[in-house]
Amino acid sequence: MATYPIEIGPAGIDTARNIEAARVACRLTQRQLAERCTALGRPMTNIAVSRTERGRRRCDVDDLVAIAAALDISPGALLPQWVARGVVSHSAARTFSPMQEALLG
């Protein structure tokens, strides 16, 4: 049985860029960010951080929350602005629950 990598879409790529920019702004190395995530209970290696930032590894919600906490920012700050603002097509328009709004910052 062959396995195929899951393609990372535009929101994932933008999030990866935002993670790198936030890490650099905090003057942290990838290793330091990984160590902070691990200390927060989400084990992560510097290779995982590198692959995430390069769009070679998906960033799941648990990773996103841990990375945001390690950088002392809201998870929403790492999302692309068009996602964080709730910009969606009219056919997919919806409102956010209080929990979703909290995650979006």
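Every heavy atom of this structure was used, including side-chain atoms; hydrogens, water molecules and symmetry mates were not.
For the pair Thr15 and Pro80, the tightest heavy-atom approach, listed with the atom from each and the gap, is OG1-CD, 3.2 Å. Residues Leu79 and Asn18 approach most closely at O-ND2, 3.3 Å, considering heavy atoms. The two atoms that bring Ala66 and Leu40 nearest to each other are O-CD1, 3.8 Å, heavy atoms only. A pairwise comparison of heavy atoms in Ile19 and Cys59 identifies CD1-SG, 3.9 Å as the closest pair. Between Gln32 and Arg27 the shortest heavy-atom distance is OE1-O, 3.9 Å. Here the closest non-hydrogen pair linking Gly55 and Ala16 is N-CB, 4.3 Å.
The shortest distance between side-chain heavy atoms of Met44 and Arg36 does not fall below 4.5 Å. A 4.5 Å side-chain heavy-atom check between Arg57 and Asp63 finds at least one atom pair inside the cut-off. Taking 4.5 Å as the limit, some side-chain heavy atom of Leu71 sits within range of a side-chain heavy atom of Leu28.
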Residue pair Glu53, Arg17: steps toward the salt bridge (Lys or Arg N to Asp or Glu O under 4.0 Å) verdict: CA-CA 6 Å; Glu53 289 180 353; Arg17 290 180 184 141; over 6 Å; no
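For Arg58, the CZ atom is densely surrounded, since the number of other residues' heavy atoms within 6.0 Å is greater than 12. Sparse packing is recorded around CG of Asp72, with 12 or fewer heavy atoms of other residues, nucleotides or ligands lying under 6.0 Å away.
A distance-only check finds no donor-acceptor pair linking the side chain of Arg56 to the backbone of Ala48 [under 3.5 Å].
Using a cutoff of 4.0 Å between basic side-chain nitrogens and carboxylate oxygens, Arg54 and Glu20 are not scored as salt-bridged.
Distance CD1/Ile8 to OG1/Thr52: 8.0 Å, rounded to 0.5 Å. For the atom pair CG (Asn46) and CZ (Arg31), the distance works out to 4.0 Å, reported to the nearest 0.5 Å.
A chain of hydrophobic side-chain contacts below 4.5 Å, direct or via other Ile, Leu, Val, Met, Phe, Trp or Tyr residues, connects Ile73 to Leu33.
For the residue pair Arg42 and Thr38, no side-chain donor N or O sits within less than 3.5 Å of a side-chain acceptor on the partner.
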